There are 2 protein chains.
Amino acid sequence: MSQTTTLKKISEALGISISTVSRALKHHPDISIKTRKKVIELAEALEYEPDINAVQLRKGNRQLLGLLAPAANNLFYESFISAVEDSARKAGYAVMILQSDNNLEQETNCLKLFRQNRVSGVLACITPTTTDFAPFRKLEEQNIPVVFYDKVPDDLAYHKVCLADAKAATLAADVILKAGSRHVLAIFGDTHLSITQKRLDAFRESLENGNQQTKLVIKHATNTQEAYALTLNYLKRKTDQADTLFCMSDEILAGSMKAVQESGLRYPKDIRIIGISNGFIPSIFSPEITYVETSGRALGELAVDHIINCIHQAQVPLSLTTDVRLVKGGSI
Amino acid sequence: MSQTTTLKKISEALGISISTVSRALKHHPDISIKTRKKVIELAEALEYEPDINAVQLRKGNRQLLGLLAPAANNLFYESFISAVEDSARKAGYAVMILQSDNNLEQETNCLKLFRQNRVSGVLACITPTTTDFAPFRKLEEQNIPVVFYDKVPDDLAYHKVCLADAKAATLAADVILKAGSRHVLAIFGDTHLSITQKRLDAFRESLENGNQQTKLVIKHATNTQEAYALTLNYLKRKTDQADTLFCMSDEILAGSMKAVQESGLRYPKDIRIIGISNGFIPSIFSPEITYVETSGRALGELAVDHIINCIHQAQVPLSLTTDVRLVKGGSI
DNA sequence: ATTGTTTTCTCAATCGTTTGCGGTTAATAT
DNA sequence: ATATTAACCGCAAACGATTGAGAAAACAAT
């Protein structure tokens, strides 16, 4: 096996006890400077690294965060994950990432794995079909706090960090109104998700309150392909064509943009476009798409902050949101 | 603290010894069926989960893989990471992901963290500036095998899994030749990376061997913005315009496509386009871009397979490659 | 020389699990 | 009744690190 250095080896080499070595390494005042120096030097020479298994068996908790993502290969989650990993490492935590694949059964399995691994806390994102929160509550009962992110339960009893969904939608609606749109095709995501509801409600309300005679057509797509098909279909109309296209997310924007290209319409001339996005998709089109930024990175940082607070000391359930801002492109 | 169930609690509740409980849970033949049943039932009722810290402290090794990525928020790595997580979990391993941010110092730090966490093996991707492989060798010396992926050292002494870079480039060149191109603008990545060299060499050779009078213009871009600027600049030429555009990677393709849109050229009419890609970017344009697929998923699976082999029993350094295939779109 | 006080270090228990070895029953054979 | 042999089960040590409590040394004070 690997001949890793342990406290014992150092202590034997130096002819002192294990506890002295341990304390010397942590600058415990009980240990004389002379011994401490000897110990630290040898430890460095031998590249001693404490065995996390042992440390955390003793300490009872492991500096580990569980991150449950719907899928890692997704435009939004990638930046979220990246941010979580960053912030967590800076706080001294490692991250264990598991994917639910939007599958209920696997979600439960993942939670079990988290428990087995004695994570200190869990960041979770529910699947569209999650209705039973018992597995999550079970974690809480075992003192493993859970913070939901992005796709969160409605229930106020849970910790949540969200993008400012309503605000983002309102911001987009404002831009649309200001542009003088009369006929808006708005594509939203899966109806069951609260993120969809929040964005939809705010969007619709803002548009209706704009007291302009704006026709609003709302469609729902659960993935990129559907958004593509749906948008293309609508854009094919010969008369009463939409003058503005709104996409609630990157997944949808990607599909809709493909449809726009195929339709032969030019933007912003023939149709105005605006979306809510993480930023990448809008930037690869020319002109760039105007969007309301919902940063996965910001959300990741917020989530880690919050879960660490919860770990340190139980918090009352809180619902936090990140800021959003309008990024102007040339599409509206 | 959390009142997690332990062997001890079960044993006390049942009035039997800890060892019996432990053995019963693993169907050890020494334990009578009756006791075993009692134990298992109580364990399930109490939702017993062995403490990984303790188990792996005892066993000496942890079922943990270290994954060092340049950055998690990248089109290719996201699918790679997702695949690694999947395969690893299926093999009973958890994955610890760390990001080097293409930064040498942080690379070393990450490796240290991996060692601290006693990972069983490491999947690594070197930064463009990595020249000193001592930290990696140190891991190997401690019996922690390292498999490099995608961006790998030239040295034959290391384990590597790569995309079939040369083959992918050749495949693309063949398509270009068959299309009868006379003037190809080809954009490649960072000159220092061996992945660039491999693709470039194969591409150039195939094109030159095609004994057609094909003009080949090669440019290098290190990121999406550069690719955009470079492509746009070239496409603005009034005369002697390229009839074909080749992009070596998704990062580049994204930038170049933006330039194509901006130039007002239509494809495949005005210019043919082909790239090497993971598949997402080509699919969001219409017509879809023809590309040679280099699957991050496939590479991830290969990498996990290989590292697990290495963990089970030391292997001679091996260089493996994934398959590639042509995915036909409408851009050429 | 005796006692008191620091300084410096060691002992031993502990976290939860695994496992070699030895011990106790009960069943079977002599 | 005694020896043999399974069938069950428990003891205790180990993995590596931490830590309270106490021991030993060093030094000063009486």
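Convention: sequence-line order gives letters A, B, ...; per-chain numbering from 1. Being a predicted model, the structure only gives us computed values, none of them experimental.
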Once you apply a heavy-atom cut-off of 4.0 Å, does [X] come out as touching a base, just sugar-phosphate, or nothing?
{"X": "A:T6", "result": "sugar-phosphate"}
{"X": "B:I16", "result": "sugar-phosphate"}
{"X": "A:S32", "result": "sugar-phosphate"}

inquiry  = Suppose the criterion is side chain to side chain donor-acceptor pair (under 3.5 Å): which pairs have a residue in residues 114-125 of chain B, not counting sequence neighbours?
reply    = A:E49-B:Q116
request  = Determine to 10° how strongly the helix from C:dA1-D:dT30 to C:dT30-D:dA1 is bent, judged from the axes of its five-pair ends.
outcome  =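 Terminal axis comparison yields 70°.
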key: Covered region of DNA chain C, 5' end to 3' end, by chain B [heavy atoms, under 4.0 Å]   =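 Under 4.0 Å from chain B, the extent on DNA chain C is C:dG16 to C:dG20.
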query = Can you check side chain to side chain donor-acceptor pair (under 3.5 Å) on B:S22 and B:S19, steps first, answer last?
reply = CA-CA 5 Å; B:S22 171; B:S19 19; over 6 Å; no
Rounding to an integer number of Å, can you tell me how far [X] [atom1] sits from [N] [atom2]?
{"X": "A:Q63", "N": "D:dA17", "atom1": "CD", "atom2": "C1'", "value": "15 Å"}
{"X": "A:H28", "N": "D:dT19", "atom1": "NE2", "atom2": "P", "value": "8 Å"}
{"X": "B:K8", "N": "D:dC11", "atom1": "NZ", "atom2": "C1'", "value": "15 Å"}
{"X": "A:E12", "N": "D:dA17", "atom1": "CD", "atom2": "P", "value": "12 Å"}
{"X": "A:L7", "N": "D:dA17", "atom1": "CG", "atom2": "P", "value": "4 Å"}
{"X": "B:H27", "N": "D:dC8", "atom1": "NE2", "atom2": "P", "value": "14 Å"}
{"X": "B:R58", "N": "D:dA12", "atom1": "CZ", "atom2": "P", "value": "16 Å"}
{"X": "A:I18", "N": "D:dA14", "atom1": "CD1", "atom2": "C1'", "value": "12 Å"}

Side chains of [X] and [Y] in contact at under 4.5 Å (non-hydrogen atoms):
{"X": "A:D150", "Y": "A:L299", "answer": "yes"}
{"X": "A:T294", "Y": "A:T322", "answer": "no"}
{"X": "B:F136", "Y": "B:E107", "answer": "yes"}
{"X": "A:Y149", "Y": "A:L302", "answer": "no"}
{"X": "A:K138", "Y": "A:L111", "answer": "no"}

task = Could you say whether B:R118 or B:I33 is positioned toward the 5' end of DNA chain D, judged by the nucleotide with the nearest heavy atom to each?
result =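 Of the two residues, B:I33 wins.
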task = Name the residue closer to the 5' end of DNA chain D, choosing between A:S19 and B:V21 according to the nucleotide with the nearest heavy atom.
result =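 Residue closer to the 5' terminus by nearest nucleotide: B:V21.
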query = Is there a residue in residues 40-55 of chain B whose heavy atoms reach under 4.0 Å of DNA chain D, and which residues are they?
reply = none
request  = Identify the heavy atoms of B:H28 and B:R36 that sit nearest to each other, and give their distance.
outcome  = O-NH2, 4.1 Å
key: Heavy-atom closest contact (A:F114 atom, A:L67 atom, distance)   =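 Smallest heavy-atom distance, with atoms named: CZ-N, 3.4 Å.
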Quiz item: B:D30 side-chain donor-acceptor pair to D:dC8 base, under 3.5 Å =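 Donor-acceptor pair under 3.5 Å: no.
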inquiry  = Can you list everything that forms a side chain to side chain contact (heavy atoms under 4.5 Å, CB included) with B:D323? Sequence neighbours excluded, please.
reply    =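 Checked B:D323 against side chain to side chain contact (heavy atoms under 4.5 Å, CB included); matches are B:K167.
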Pairwise salt bridge (charged side-chain N to carboxylate O under 4.0 Å, His left out) hits with a residue in residues 82-101 of chain A, at least two apart = A:E85-A:R89, A:D86-A:R89, A:D86-A:R297
task = Check the pair B:S82, B:S79 against side chain to side chain donor-acceptor pair (under 3.5 Å), reporting the backbone distance first and the verdict last.
result = CA-CA 5 Å; B:S82 165; B:S79 71; over 6 Å; no
